[in-house]
*Asks:* 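Can you keep this structure in mind? I'll have questions shortly.
What you see is a predicted model; the values in this text were computed from it and never measured. Sequence lines set the chain letters: A, B, ... in the order given, protein chains first and strands last, and positions in each chain run from 1.
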Amino acid sequence: MPPRSAFRGARPHIHGGGAVSRGPVSAAGGSIDSVLFHDVAVTSAGVAATRSRLAKRELLAAALRAAAHGGMTGGDATADGAAAGEGMAGGAATGGATTGGPGSDDGRAGEEVDVVATFLSGRVRQRRTGVGWRSLTSLPAPASAPTLTPLDVDAALQTMADAEGPGSAAVRGEAVRRLFAAATQDEQTFLRGLIVGELRQGALDSLLLDAVAAAADVPLAAVRRAAMFSAPSGPIARAALTGGAAALAAFRLEPGRPVRPMLASPAPDVAAALAGIGGPVAVEAKIDGIRVQLHKHGNDVAVYTRSLDDVTERLPELVALLRSLPVATAVLDGEAIALGADGRPLAFQDTAARTGSHDADATGRVPLTAFLFDALHLAGRDLVDAPESERFAALERVAPPSALVRRIVTADPDEATAFFAEVLASGHEGVVVKDLAAPYDAGRRGGAWVKVKPRHTLDLVVLAVERGSGRRSGWLSNIHLGARVPGAGPDSADGWVMLGKTFKGMSDEMLAWQTARFTELADGPADGWVVRVRPEQVVEIAFDGVQRSTRYPGGVALRFARVLRYRDDKPAAEADTIDAVRAIAGGNASGG
DNA sequence: TTCCGACAGTGGGGTCGCAAT
DNA sequence: ATTGCGACCCCACTATCGGAA
């Protein structure tokens, strides 16, 4: 299926799955040559059962080959050819919305490869189904024999996704019931993982792309390259397996089609970030807003989030900025944030609420500011492979200075560190250090971009622990963190106020230790999901900041808390107080 | 009719272990 | 030795549905 154009005014996308007119669970109608959904579930279980990435890749590749082969010999194109044609949306406005490869002839096999690949990457094709963990708590008895095809499952999910308005919950519920009643035990388990997004097979999108390359016998680089320009991987698999390298080459940068954003790796400090790259680097302010990708093609403009959701309607400020640019075509990368009247950043919560709201009033009340930092395409020229310095220079030529992120170029760690301090003083989050020579590595988190943020620490007390799951089964994992409230307890003893939880920063050794320790400290039954403990164990916690909270009684919560170490040298009576926490909240920009 | 609780799905994320290179 | 990936789950927020008030 061709990647869709999401420009406003493009013709509505016809969902390929919708063109399969059979009922959600009418498995009997499936071509006898189709793979069964059961085969996909079995593949997933096999992938989960091995730790070898190469073995996982081979299992995934075999399933993809089977999907491509089985469907093709079936020769039953149904209505898919027509659907693919309809999908070529946009006409002149986007021109290239059709470049998803020559996929119009691959018919049912192509569709099946798309769906199977999507499932094996732990996803479903529907952006939202409206069905989550809670809706799957009571399920019908499993079927005794497998009959479902992958396309049956996709169609059932589409039914759930399409339900809206009064009565939609019942429609979804019925679709869930019918689908799960037609699924075997193995299939039910797999389906649940897919729908709630917790497949836990040790393979997601990256490994799937690896398998696509193996299955189609094309270079991995070609697959990854194509994937840069397609948000979902299903169409990549489809193109590779039915059209080979030539079909993959048709996925390319196109204004109007979102690109997977390049990501940054963390570093503890600026000096380490510079050392990791070597030579002169760009040091940019890191803006604590939401990532935005701006597309312009003549009068058509679009804005996408990091997950490539189209948020054009909600961000008119960015639309206006795009329209004002003195170029006909552009694909730009940046961050959008809500600033106060003094020009300092508001709390991240304010930016998130503003960008998440469809309410026009909110739009007026909390204006957004864009800080651009990259250009992937400008005035007909693709820049993804150009060095960072060149891309930024191109951006500077077209963007107003007020819409550019603050940045310096230096090889001097002291200068970079001074800039870091300056950025923090202006209220922003930190810096991103960039390799000037690196191309835009879409969708990867490599070493070419390195982010540095300041780190707060507090000594807090563990109030409770939760049981771990997955590879942490059998361990006590997620700890509840409390700050001291002097004199608030019975008989003027210290009291404790919870600030949040964390499961991060724990090595296996630490998990083993804390499991024993908190079993010992258990205050009441130790067999529940949450084990309350006597507030005696002090833990040193690192975190990014303090945010306002309606969930916790102190009215504050820690952002991105993680464990540094347990402190046996410090009694609970000397743990940090809630006042110390509030002082941190007052001292940063998000104190509002 | 309006209100409110529960659920789903966004946005922002750090650190560890392990396989493969 | 280094790198990339997936797993582990956190926070706040908005939208939506459906039942309670």
*Asks:* Given A:Val465, which of A:Thr519, A:Leu476, A:Leu521 fulfils the side chain to side chain contact (heavy atoms under 4.5 Å, CB included) condition?
*Replies:*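 Of all the options given, the one that passes is A:Leu476.
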*Asks:* Of the listed nucleotides (B:dG17, C:dC9, B:dA20), which one gets closest to any side-chain atom of A:Phe503?
*Replies:*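 Comparing B:dG17, C:dC9, B:dA20 against the side chain of A:Phe503, the answer is C:dC9.
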*Asks:* Return a single string for nucleotides 13-21 of chain C, one symbol per nucleotide in 5' to 3' order, where B is base contact, S is sugar-phosphate-only contact and - is none, cutoff 4.0 angstrom on heavy atoms.
*Replies:* SSS-SS---
*Asks:* Among the candidates B:dA20, B:dG12, B:dG11, find the nucleotide nearest to the side-chain atoms of A:Ser52.
*Replies:*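 The answer is B:dA20, which lies nearest to the side chain.
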*Asks:* Select from A:Ala203 and A:Asn478 the residue whose nearest nucleotide in DNA chain C is closer to the 5' end of that strand.
*Replies:*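 Nearest nucleotide further toward 5': that of A:Ala203.
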*Asks:* Rounding to an integer number of Å, can you tell me how far A:Gln514 CD sits from B:dT15 C1'?
*Replies:*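 The distance from CD of A:Gln514 to C1' of B:dT15 comes to 14 Å, rounded to the nearest Å.
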*Asks:* Given B:dG13, B:dG17, B:dA19, identify the nucleotide with an atom nearest to the side chain of A:Asp508.
*Replies:*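 Output: B:dG17.
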*Asks:* When the distance from CG of A:Leu558 to P of B:dG13 is rounded to whole Å, what number comes out?
*Replies:*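 The distance from CG of A:Leu558 to P of B:dG13 comes to 17 Å, rounded to the nearest Å.
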*Asks:* Could you tell me whether A:Lys56 contacts a base, only the sugar-phosphate backbone, or nothing, with contacts defined as non-hydrogen atoms closer than 4.0 Å?
*Replies:*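 Counting heavy atoms under 4.0 Å across all strands, no contact is made by A:Lys56.
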*Asks:* Which whole-number value in Å describes the distance from A:Phe560 CZ to B:dC16 P?
*Replies:*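 After rounding, the reported distance stands at 17 Å.
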*Asks:* Think A:Arg517 forms a cation-pi with A:Tyr566, using NZ or CZ under 6.0 Å from the six-ring centre and within 45 degrees of its axis?
*Replies:*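 A:Arg517 over A:Tyr566 ring: no.
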*Asks:* Rounding to the closest angstrom, what is the interatomic distance between B:dC4 and C:dA15 at atom C1'?
*Replies:*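 B:dC4 and C:dA15 have their C1' atoms separated by 14 Å.
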*Asks:* Tell me what A:Lys501 touches on the nucleic acid: a base, only sugar-phosphate, or nothing, going by heavy atoms under 4.0 Å.
*Replies:*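 Answer is sugar-phosphate: A:Lys501 comes under 4.0 Å of backbone atoms only.
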*Asks:* Any idea which of B:dA19, B:dG12, C:dC9 is nearest the A:Arg53 side chain?
*Replies:*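 For the A:Arg53 side chain, the nearest candidate turns out to be B:dA19.
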*Asks:* Just wondering, are more than 12 heavy atoms of other shown residues or ligands nearer than 6.0 Å to CD in A:Glu174?
*Replies:*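 Count over threshold, so yes.
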*Asks:* Check each of A:Arg562, A:Arg565, A:Arg455 against A:Glu540 using the salt bridge (charged side-chain N to carboxylate O under 4.0 Å, His left out) test, and report the only one that passes.
*Replies:*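 That would be A:Arg565.
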*Asks:* Any base atoms under 4.0 Å from A:Ser307, or only sugar-phosphate, or nothing? Heavy atoms, all strands.
*Replies:*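 The residue A:Ser307 makes sugar-phosphate contact but no base contact.
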*Asks:* If you check the A:Asp309 side chain, which of B:dG12, C:dC5, B:dG11 turns out closest?
*Replies:*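 That would be B:dG11.
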*Asks:* Between C:dC8, B:dA20, B:dG13, which nucleotide has the shortest distance from any of its atoms to the side chain of A:Lys504?
*Replies:*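 So the nucleotide nearest the side chain must be B:dG13.
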*Asks:* Describe the nucleic acid contact of A:Thr355 in one word from base, sugar-phosphate, nothing, applying a heavy-atom distance below 4.0 Å.
*Replies:*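 No contact.
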*Asks:* State whether A:Arg127 and A:Asp309 are salt-bridged, where the test is any N-O pair (Lys NZ or Arg NE/NH1/NH2 against Asp/Glu carboxylate O) under 4.0 Å.
*Replies:*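 A salt bridge links A:Arg127 with A:Asp309.
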*Asks:* Considering only NZ, NE, NH1 and NH2 on the basic side and carboxylate oxygens on the acidic side, decide whether A:Lys453 and A:Asp288 come within less than 4.0 Å.
*Replies:*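 Looking at A:Lys453 and A:Asp288, the cut-off is not met.
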*Asks:* So what does A:Val131 hit on the nucleic acid, given a heavy-atom distance under 4.0 Å: a base, only sugar-phosphate, or nothing?
*Replies:*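 Sugar-phosphate, backbone atoms only, no base.
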*Asks:* If you pin A:Arg471 and A:Gly500 to their nearest nucleotides in DNA chain C, which one's is more 5'?
*Replies:*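 By nearest-heavy-atom nucleotide position, the 5'-most residue is A:Arg471.
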